[in-house]
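What you see is a predicted model, and the numbers here were worked out from it, not measured in a lab. Just so you know, ligand 1 is whichever comes first in the structure, and atom 1 is the first atom listed for that ligand.
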Amino acid sequence: MNSSCNFVIFGGTGDLATRKLLPSLYYLHCDGYLPGHVKIYGVGRSDYNDDSYRNFIADKLKQCESLGNCKETSWQEFSARLFYQKVDGTKTEDFSQLGKRLALKEDNELVCYLSTSPNLFGDICRHLNEAGLVKNNTRVVLEKPVGHCLKSSRIINDAVAKIFVEENIFRIDHYLGKETVQNILALRFANSMFEPLWNSREIDHVQISISETVGVEGRWSYYNDSGAFRDMVQSHILQLLALVAMEPPRHFEPDAVRNEKVKVLRSLRPISGAQVLRNSIRGQYSAGSIDGQPVPGYLEAEGNVANPQTETFVALRAHIDNWRWAGVPFYLRSGKRMSSRNSEIYIQFKEVPYSIFSKSNSSTLRPNKLIIQLQPEEAITLTIMNKVPGLAQKGIEMREVDLNLNLSAEVRKETRRMAYQRLLMDIIHNDTTLFVRRDEVEAAWTWADPILEAWQNSAETPKPYAAGSWGPSAAYALTEKHGHSWHDEYARKRKD
Ligand code: BG6
């Protein structure tokens with residue numbers, strides 16, 4: 001075991017650090033997973049000292065829901081491992097001060113988590129190097145988004161690559177830390193029954209949908225430029241798509257997994273020009289209500305800060321051009337201020353080729369579906385057709401039933417409270433399997449850029465949808481014109 005691992009969070013007073021990173025580190029500590037040799041340094045431009053920073057973080061932790069089973073003494077122990085150093089990311093001398101403070105010995109490890117604007121990534125890496133803080137075992141963690149387009153992502157990646165080798169760069173996509181997301185790999189590659197069905201002969205179409213009830217949460221300057229497509233589709237949704245569609249990797253180890261993911265991203269059929277407008281819908285929420293509470297529209301934000309061109313909803317029809325997936329549409333969708341918080345991967349199989357049941361009853365036969373729900377519950381459901389019990393004499397009456405594997409009940413004892421916990425542990429243990437490699441980011445932007453460009457050149461603005469709905473009506477037409485329905489619409493009809 002190394003004598004110490006210094007985990008330095010740049011942007012240590014920011015939203016991500018205080019809402020996700022420090023609570024995750026704290027939970028790891030409470031649950032006994034944070035190795036004893038890890039010390040945490042919050043770094044930022046504000047004037048805190050160790051004590052005032054600890055008080056600041058203690059207040060933030062009180063706002064977290066899952067502190068329940070953290071022991072009274074846990075905070076005392078954790079805070080003794082927590083420090084603060086004032087650093088302005090643009091000032092070389094501040095990095096020398098940081099170096100003095102860390103006083104690294106030869107066998108000490110350093111992790112630099114850059115929870116800052118991506119524009120600062122290159123400068124921070126350069127300053128770290130100039131201050132003599134970058135050694136062979138120094139790791140850097142980059143929060144998304146890495147860039148705004150292919151060109152800007154290359155500039156950032158080049159700047160970071162001047163200082164760090166790829167094996168020491170951890171690009172975070174926190175969706176890869178979610179329990180059910182990793183379970184996609186277990187489901188596909190630890191069970192033999194799915195693989196023969198996992199292709200265009202058996203699968204009709206796939207939907208990957210992340211809907212949120214929250215809005216922009218004060219992050220106007222970021223979101224106005226980013227919009228739902230860059231914020232959610234280019235990163236989280238494409239990562240989910242890659243895991244669903246990839247070939248089995250040789251081993252569960254970093255490059256084997258990432259080699260297969262990048263092949264999928266590179267096989268995404270390019271969509272450009274007029275095809276973009278035919279295969280995508282952008283929306284922006286207007287006033288509505290969420291959980292019975294009135295919610296103002298995106299453009300009604302205080303201070304007129306919202307950009308009328310920014311999409312808060314996006315739906316697309318994508319294709320993967322390879323042998324396994326030829327002809328299978330992948331519908332991708334994400335939106336803010338939607339009817340409910342729900343993230344899921346929905347896989348619809350083909351219908352039976354021929355029904356042996358009488359016409360009146362066979363009309364009720366429905367294709368099987370596999371639904372991998374990530375949020376709010378972690379669950380896997382397989383729908384099958386089943387005979388309605390009873391003594392009816394005229395043939396067999398059918399109904400669709402769910403075979404349900406509810407993971408939260410099964411794994412409650414071992415469950416993590418935040419996706420970041422898994423990823424922070426992997427950074428500490430130097431395992432890059434669940435992190436995004438440079439070529440993946442670039443393949444994702446290569447597909448995304450022409451879509452963004454077509455929207456930019458189009459006179460169309462995002463279509464309005466009421467907050468609390470499932471997005472603009474045109475998003476329904478996107479699936480329906482190809483004979484498909486979004487799963488929520490299907491589930492609603494099935495209930496009615
Ligand atoms: C972040 C996006 O990456 O993911 C946010 O920037 C979004 O806009 C969030 O709200 C969603 O994450 P989760 O884990 O709550 O689904």
Side-chain angles (χ1 to χ4, degrees), residues 11 14-21 23-24 27 63-66 113-118 141-148 153 170-184 208-241 243 282-285 290 295 298 301 305-307 310-314 332-345 372-379 407-408 415-424 434-436 440-441 444 448 467 471:
D15 185 62
L16 182 78
T18 55
R19 275 197 318 119
K20 302 282 184 189
L21 305 181
S24 298
Y27 295 144
Q63 294 159 26
C64 295
E65 281 166 22
S66 335
Y113 196 119
L114 311 193
S115 169
T116 64
S117 155
V141 187
L142 308 182
E143 253 305 325
K144 88 168 222 309
V146 179
H148 197 247
S153 79
F170 290 69
R171 291 181 198 80
I172 286 246
D173 183 312
H174 79 274
Y175 264 66
L176 297 182
K178 291 185 191 278
E179 190 75 50
T180 322
V181 174
Q182 290 154 66
N183 223 346
I184 298 169
I208 304 179
S209 175
I210 305 181
S211 65
E212 300 181 273
T213 52
V214 292
V216 175
E217 309 279 275
R219 298 183 304 156
W220 293 100
S221 65
Y222 158 70
Y223 200 83
N224 269 333
D225 283 347
S226 146
F229 184 72
R230 287 187 177 94
D231 187 42
M232 300 298 285
V233 178
Q234 187 276 342
S235 47
H236 305 321
I237 289 193
L238 287 192
Q239 283 295 320
L240 296 180
L241 173 137
L243 293 175
R282 284 179 301 155
Q284 190 185 71
Y285 65 84
I290 305 268
V295 168
Y298 187 72
V305 283
N307 176 355
T310 302
E311 79 285 353
T312 59
F313 171 96
V314 63
L332 314 178
R333 180 179 68 169
S334 182
K336 295 224 178 261
R337 292 284 189 225
M338 302 269 283
S339 171
S340 63
R341 178 171 187 247
N342 186 41
S343 306
E344 68 176 26
I345 298 163
I372 304 169
Q373 190 178 45
L374 318 178
Q375 282 160 184
E377 291 293 321
E378 299 185 322
L407 294 180
S408 32
T415 203
R416 72 189 68 139
R417 294 173 259 207
M418 283 182 171
Y420 274 96
Q421 283 176 251
R422 159 91 267 152
L423 300 174
L424 295 177
L434 296 177
F435 295 82
V436 183
E440 292 180 72
V441 176

message: Quick check: do Glu212 and Met232 have side-chain heavy atoms less than 4.5 Å from each other?
response: yes
- prompt: Can you pull the residues with any heavy atom under 4.0 Å from ligand 1?
  reply: Lys144, His174, Tyr175, Lys178, Glu212, Arg219, Asp231, Met232, His236, Lys336, Arg341, Gln375
field: Cationic N near anionic O, under 4.0 Å, Lys144 to Asp231
entry: yes
query: Does any non-hydrogen side-chain atom of Lys336 lie less than 4.5 Å from one of Tyr298?
result: no
- request: Would you check if Gln239 and Glu440 make a side-chain contact, meaning some heavy-atom pair closer than 4.5 Å?
  value: yes
task: Output all residues satisfying side chain to side chain donor-acceptor pair (under 3.5 Å) with Glu143, sequence neighbours left out; order by chain, then residue number.
output: Tyr113, Tyr420
field: side chain to side chain contact (heavy atoms under 4.5 Å, CB included) between Met338 and Phe313, worked out
entry: CA-CA 9 Å; Met338 302 269 283; Phe313 171 96; 3.7 Å; yes
